[in-house]
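This report concerns only the one structure given below.
In what follows, chains carry the letters A, B, and so on, assigned in the order in which the sequence lines appear, proteins first and then strands, with residues in each chain numbered from 1.
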2 protein chains.
Amino acid sequence: MTGRCSGLSSAERAEAMIRTIAPTPNRALSGRCSACAVRSLSICGALDQADLIEFERIARQVHLTHNEAIFTAGQAATSVHNVTAGVARLYKLLPDGRRQVIGFALPGDFLGAMPSDRYSFSADAIEAVSVCRLSAESFAQFIEHRPHFLRRINEFAARELMLAQEQMLLLGRRTAEEKVAAFLVGWRARLANIGDQQHTIALPMSRQDIADYLGLTIETVSRTLTRFEREKMLVIVSGGVRLLDAKRAEAMAGV
Amino acid sequence: MTGRCSGLSSAERAEAMIRTIAPTPNRALSGRCSACAVRSLSICGALDQADLIEFERIARQVHLTHNEAIFTAGQAATSVHNVTAGVARLYKLLPDGRRQVIGFALPGDFLGAMPSDRYSFSADAIEAVSVCRLSAESFAQFIEHRPHFLRRINEFAARELMLAQEQMLLLGRRTAEEKVAAFLVGWRARLANIGDQQHTIALPMSRQDIADYLGLTIETVSRTLTRFEREKMLVIVSGGVRLLDAKRAEAMAGV
DNA sequence: CGTCCCGTTTGATCTGGATCAACCGGTCGC
DNA sequence: GCGACCGGTTGATCCAGATCAAACGGGACG
């Protein structure tokens with residue numbers, strides 16, 4: 001069933017409010033795109049040397065720490081962002097505080113598919129995060145005469161959409177056990193994709209974040225993980241989880 | 001209990017009955033794009049006269065009836081589609097048969113954001129449907145040197161993604177009552193958007209389709225609708241629903 | 001005109017996951 | 001070194017929505 005107040009506590013909400021109001025301090029140095037570690041993973045992988053120099057001119061590196069907002073739902077969408085380091089949490093809130101995490105953004109992920117002129121969701125840093133920030137205007141201008149770049153952005157949007165559809169299936173039709181297993185397997189795949197191929201799956205987000213991503217409560221996530229551990233499918237370690245029986249997890253996830 | 005004899009005269013019921021969503025059903029003989037009723041709503045709205053003639057050359061009108069498949073998940077994604085009449089159901093299945101409807105496609109909607117070379121979901125006709133079918137290759141070629149068209153497709157993808165995120169919030173964090181109310185309000189808005197602005201909301205899809213869209217069972221959808229009727233929020237009519245208290249529905253939907 | 005069929009409604013009961021409530025263990029500030 | 005705090009775990013109970021079961025009603029067809 002769907003929980004009533006499974007989002008933030010009122011204290012957390014107040015904190016989030018303050019965060020939102022406070023302008024994000026800008027500790028940016030100008031970025032050197034040609035040296036960017038995640039360029040090939042990001043939309044910038046479609047840019048040649050000349051493009052990069054121009055891109056660098058309009059981009060600005062911004063660094064954020066734990067729980068700092070990158071942008072907030074409802075605000076004017078004046079910037080687009082490229083995550084270059086760390087993990088961001090993307091989410092939507094209901095007026096009464098219920099929260100749905102709609103995704104986690106990893107290095108290389110692009111946050112800028114804006115159909116409206118306001119952000120339709122919020123994004124903040126789960127851990128230390130760096131983003132490449134561009135004004136929406138200069139970004140639009142930059143795209144203007146670079147159709148290959150637009151095509152790349154389009155591919156990213158299509159991939160994002162496919163992930164969203166997969167997540168709808170998960171939220172609407174999978175059991176708690178399947179949700180948690182699918183999350184672990186999917187998260188591991190995404191980490192592997194950016195080169196982090198450890199046998200221990202890093203989980204920088206809190207249990208609450210996972211719960212809000214899977215449409216569950218924190219207690220159910222915790223119980224399910226401990227059960228998985230009891231059943232020798234994994235070991236819970238500090239900052240993550242170590243998969244012992246990946247086959248079983250994948251079977252549960254219904255891959 | 002006499003079921004749904006809810007105080008409507010037979011005249012009213014007849015008036016409310018079966019209205020195809022198509023603005024102009026079956027107007028197309030060969031694909032005459034320049035005469036297409038939904039062009040301005042669709043991605044083709046970005047095409048000029050010359051583009052249209054070329055588009056027409058590669059497009060083929062296909063007509064489908066109730067429950068016929070437009071394409072199926074897992075198949076090679078050889079075509080892209082533009083719905084021109086009727087309503088299609090987009091869905092994903094789990095191996096054990098659980099189904100998640102990920103959306104309903106209306107005239108003007110584009111089905112072609114393919115990140116992979118296989119369809120990641122299935123689409124079939126809920127009622128009589130016409131689609132504009134193009135081979136993925138010729139479509140890709142067509143886009144090639146038409147950046148304005150690509151930009152239009154991108155806008156459509158971004159809108160689609162935003163809807164998907166809204167749906168994740170619904171699936172993960174809303175109650176059954178909120179889900180049904182949100183569905184009615186959202187569906188009404190989409191119908192209004194394509195020009196069908198009747199006070200009776202046409203519901204060409206089955207209760208099962210609605211249930212699978214909202215992550216509920218058919219019984220819960222049915223019960224919730226009857227309750228809404230009992231509470232005078234709406235009247236259930238053949239082929240749809242008549243909203244009596246739109247304000248209340250919108251409040252429930254959390255708009 | 002009857003009856004078969006199928007989508008829908010309604011009723012009774014069950015249960016997965018939510019809610020409520022401790023409690024645990026690490027860390028931070030003093 | 002100690003208490004407060006915070007994220008996480010565990011236990012007891014509850015309940016929204018699922019499941020099981022039956023009946024209804026309208027359309028199709030002989």
Self-check item: Inter-residue atom distance B:Glu231.CD - B:Leu244.CG, 0.5 Å rounding
Solution: 12.0 Å
Quiz prompt | Terminal axes of the helix from C:dC1-D:dG30 to C:dC30-D:dG1 (five pairs each): angle between them, nearest 10 degrees | solution = 30°
Exercise. Please determine, for the side chain of A:Glu219, which listed nucleotide (C:dT8, D:dC20, C:dC20) has the closest atom?
Key: C:dC20
Quiz item: Charged N to carboxylate O below 4.0 Å: is that the case for A:Asp109 and A:Arg159?
Solution: no
Self-check item: Interface residues of residues 165-178 of chain A with DNA chain D (non-hydrogen, below 4.0 angstrom)
Solution: none
Quiz item: Taking B:Lys92 for the side chain and B:Ser120 for the main chain, is one N or O donor matched with an acceptor at less than 3.5 Å?
Solution: yes
Self-check item: Test side chain to side chain contact (heavy atoms under 4.5 Å, CB included) applied to A:Leu169 and B:Ile102, step by step
Solution: CA-CA 8 Å; A:Leu169 175 60; B:Ile102 60 171; 5.8 Å; no
Quiz prompt | Approximate separation, where rounding is to 0.5 Å, of A:Arg89 CZ and A:Met205 CE | solution = 9.5 Å
Practice problem: Please check if the distance between the ring centroids of A:Phe71 and A:Phe121 is under 6.0 Å. | Solution: yes
Quiz item: Can you tell me how far C1' of D:dC6 sits from CZ of A:Arg207, to the nearest Å?
Solution: 14 Å
Quiz item: Within this structure, what is the CZ-to-C1' distance between B:Arg98 and D:dT19, rounded to whole angstrom?
Solution: 15 Å
Quiz item: D:dA28 P sits how many Å from B:His66 NE2, rounded?
Solution: 12 Å
Quiz item: Between B:Ile218 (CD1) and D:dA21 (P), how many Å, whole number?
Solution: 17 Å
Quiz prompt | Approximate separation, where rounding is to 0.5 Å, of A:Gln61 CD and A:Thr84 OG1 | solution = 4.0 Å
Quiz item: Could you state the interatomic distance from CD (B:Gln100) to CG (B:Leu93), rounded to the nearest 0.5 Å?
Solution: 10.5 Å
Quiz item: For B:Asp212 and C:dT8, what is the distance between atoms CG and P respectively, to the nearest whole Å?
Solution: 12 Å
Quiz item: Taking the nucleotide of DNA chain C with the closest heavy atom to each, which residue, B:Gln208 or A:Thr220, is nearer the 5' end?
Solution: B:Gln208
Quiz item: Nearest 0.5 Å, what's the CZ-CG distance between B:Arg173 and A:Asp212?
Solution: 4.5 Å
Self-check item: Atom pair CG/CD1 of B:Leu64 and B:Ile70 - distance to nearest 0.5 Å
Solution: 5.5 Å
Self-check item: Rounded distance (Å) that lies between atom P of D:dG7 and atom CE of A:Met205
Solution: 16 Å
Quiz item: Are there more than 12 heavy atoms of other residues, nucleotides or ligands under 6.0 Å from atom CZ of A:Arg227?
Solution: yes
Practice problem: Mind listing the residues from residues 221-235 of chain A sitting with a heavy atom below 4.0 Å of DNA chain D? Number order is fine. | Solution: A:Ser222, A:Arg223, A:Thr226
Quiz prompt | Gap between atoms CG and C1', on A:Leu216 and D:dG8 respectively (whole Å) | solution = 16 Å
Self-check item: Spacing between B:Ile236 atom CD1 and D:dC24 atom P, to the nearest angstrom
Solution: 18 Å
